J.: 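Can you keep this structure in mind? I'll have questions shortly.
Just so we're clear, the structure is a prediction, and the values are computed from it rather than from any experiment. Hydrogens, waters and symmetry mates are skipped; everything else that's a heavy atom, side chains included, is used.
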Amino acid sequence: MLLHSIKKMLDNILNIQHQTDEAGTIREINDKVPVRGNNTWMLICSAMLASIGLDTGSGAVIIGAMLISPLMSPILGVGLAVGINDREMLIDSIKNLAVAAAAGLLVSTFYFSITPLGEPTNELLARTTPTLLDVMVAFFGGVAGIISISRSDKSNAIPGVAIATALMPPLCTAGYGLAVGRYDFFLGGFYLFFINAVFISLSTYVIVKYLHFHTKAYVDQAKQKRVAKAMVVVLVIVVLPSVYFLYNIYHDVKTKKQIEQLVITDFTQRNNEIIKWEVQPGDSLQYIKIYSIGKQVDEGLVQHYNKVLVDNDLLNFRVKMVQLDVSPEEMEQIAYDITNNLTQDLLKTLELQKMQEQHADSLRRRQRLSLNSNATQDLKTLFPEIQKVQVGEMINTANPARPDTVTLVMIDWKEQQPAKEEAASAKNKKRPSKPKIQAQQVKEYENRIRSYLSYKLQRDSVQVISSY
């Protein structure tokens, strides 16, 4: 009973079959397989962005290239075609994937042939030794991708899959290898791209089979077994180099930790200060170069460390001391000077920023005064009934969390005289009197003035106050 309840609970949590849109999945992948039209331009832009990001070491640019790359669709098409036994889709997907890969290589090779930089950055180096971990990233990224696409309600997992699987950067790393004649970069980058393509396709095939997509044609059982065996052989061949690379990385990390425990820690405990240490390969031996300051290191200590390394099966390693002619006091003074200079530079930068902000504020105030002055003159021209107008700003703190700056307009209007006084005034003066406003016109004029100043001063909050 308990096992049945656990099985039911797991089925409710892990089951993805009830939300599957088989027809929509096949249609969406099949429609995006061809590399033509906008897909071609997206591919070129993606390859160029990835090349620039790799060349400058910019992770943000590389991520942008991953997001717009259209390489995922042909790879998903290969896995889907094998899963549903669609020969036409398989041929079309492989053909378009080959075209896309060739185009990416061509664009990246062209870029790295003309770039003034062209030095191997950390981003390039990171894509030359694929490991078993990259295989796992490609497989689980592909699982996430096909599950996301196969849902009746599409999720937003595809951008994350594109970033995780990173198809375009290793292809451009291979292009860098071709451009500069570094075939270790070409083989490493292309191998990483090939791993990603194979295991994304494999994950697509596995999920398609799990979801029980209908096959397009009858599958002979004997033939299916032969295909399955061939796939296993191909996968093993593809994975073996990555296992070897992962073992080498693990071995290097383990060796460095062992060296640190046997040599570096002991050397530091002898009151010697290490600036840095590194392992440098030689013709037959590898040298542990230790850069230190302080008292002179006795040659006998170096021999002692070499014996310790041999006793711990590190036969090909030898210690090499590099004594820097700098005392600890001088090193502290250098560090102090560097810190002090950085602090002074920071203070100068902050002061310069403050001056720039003050200058910008001054310019903004002048611009506002000029605009207010122009607006005042315009209002007197547009509304002759105005006797006096003042334009300024005030802070509205009705909402303390979000104070608002309000443009305040104070207008003194010329009040309309009674008819007898106006006639007498007109009779006693040679020129006609200036027009004056009637009380009922004030609201209409205020609305017109508010709209005009909002446009003129580019301000949303304009308040008009009238008086006679």
Side-chain angles (χ1 to χ4, degrees), residues 16-17 19-40 42-43 46-47 50 65-104 134-171 190 192-217 227-228 231 234-235 238:
I16 58 174
Q17 294 179 343
Q19 293 180 338
T20 302
D21 180 12
E22 179 179 341
T25 303
I26 296 173
R27 182 174 58 254
E28 181 173 353
I29 293 177
N30 203 20
D31 289 344
K32 293 181 179 179
V33 163
V35 180
R36 58 172 177 262
N38 64 316
N39 271 1
T40 304
M42 295 292 280
L43 180 70
S46 174
M66 298 174 191
L67 289 173
I68 66 174
S69 171
L71 283 169
M72 179 73 78
S73 295
I75 296 173
L76 292 174
V78 172
L80 176 63
V82 175
I84 64 174
N85 197 28
D86 190 335
R87 190 169 179 271
E88 290 182 7
M89 184 190 292
L90 178 62
I91 294 173
D92 193 37
S93 298
I94 293 175
K95 180 180 69 175
N96 282 281
L97 179 59
V99 170
D134 295 294
V135 172
M136 296 172 65
V137 168
F139 179 80
F140 289 106
V143 169
I146 187 60
I147 290 176
S148 175
I149 292 175
S150 64
R151 302 301 86 200
S152 54
D153 51 336
K154 307 298 181 185
S155 71
N156 57 355
I158 293 300
V161 172
I163 294 172
T165 52
L167 292 162
M168 187 58 77
L171 194 60
F190 194 80
L192 178 55
F193 169 75
F194 186 67
I195 280 178
N196 285 340
V198 168
F199 280 88
I200 291 172
S201 296
L202 175 65
S203 61
T204 305
Y205 169 81
V206 170
I207 296 300
V208 164
K209 286 298 185 184
Y210 172 74
L211 295 176
H212 302 297
F213 278 26
H214 296 86
T215 56
K216 190 173 181 180
V227 171
M231 287 176 63
V234 170
L235 291 175
V238 169

J.: Can you tell me how far the CE atom of M168 sits from the CD1 atom of I68, to the nearest 0.5 Å?
T.: 8.5 Å
J.: So do the side chains of L171 and L71 get within less than 4.5 Å of each other, counting heavy atoms only?
T.: yes
J.: Between D134 and F199, is any pair of side-chain heavy atoms under 4.5 Å apart?
T.: no
J.: Does any non-hydrogen side-chain atom of V208 lie less than 4.5 Å from one of I84?
T.: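 I84 vs V208: side chains touch.
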J.: Using the side-chain contact (heavy atoms from CB on, under 4.5 Å) rule, take S201 and V82 through it: C-alpha gap first, then chi angles, then the decisive distance, then the call.
T.: CA-CA 9 Å; S201 296; V82 175; over 6 Å; no
J.: Does some side-chain heavy atom of K209 sit less than 4.5 Å from a side-chain heavy atom of T215?
T.: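 The answer is yes, as the side chains (C-beta and beyond) meet within the 4.5 Å cut-off.
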J.: Given side chains that start at C-beta, do those of L167 and I200 come closer than 4.5 Å, heavy atoms only?
T.: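 Of all side-chain heavy-atom pairs linking I200 with L167, at least one is under 4.5 Å.
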J.: Using the test side chain to side chain contact (heavy atoms under 4.5 Å, CB included), find all partners of V198 that sit at least two apart in sequence or belong to another chain.
T.: F194, L235
J.: Kindly say whether D21 contributes a backbone atom to a donor-acceptor pair with the side chain of T25 at under 3.5 angstrom?
T.: yes
J.: So, the side chain of S46 versus the backbone of A65: is there a donor-acceptor pair under 3.5 Å, distance only?
T.: yes
J.: Heavy atoms only: give me the nearest E22-H212 pair and the separation to one decimal.
T.: OE1-O, 4.3 Å
J.: Nearest heavy-atom pair of M89 and I26: which atoms, and what distance?
T.: CE-CG2, 4.0 Å
J.: In Å and rounded to the nearest 0.5 Å, what is the CZ to CD1 distance from F213 to I207?
T.: 10.0 Å
J.: To the nearest 0.5 Å, what is the distance between OG1 on T204 and CZ on F139?
T.: 9.5 Å
J.: Please check this pair: side chain of S150 against backbone of I146, looking for a donor-acceptor N/O pair closer than 3.5 Å.
T.: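 Yes; judged by distance alone, with no hydrogens or angles, the pair exists.
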J.: Show which side-chain atoms of residues 74-81 pair as donor or acceptor with protein atoms under 3.5 Å away, not counting sequence neighbours.
T.:
none

J.: State, yes or no, whether a side-chain contact exists between N96 and R36 at a heavy-atom distance under 4.5 Å.
T.: no
J.: Short question: side chain of N196, backbone of A138 - any donor-acceptor pair under 3.5 Å?
T.: no
J.: With the side chain counted from C-beta on, respond yes when K95 and D92 share a heavy-atom pair under 4.5 Å apart, and no when they do not.
T.: yes
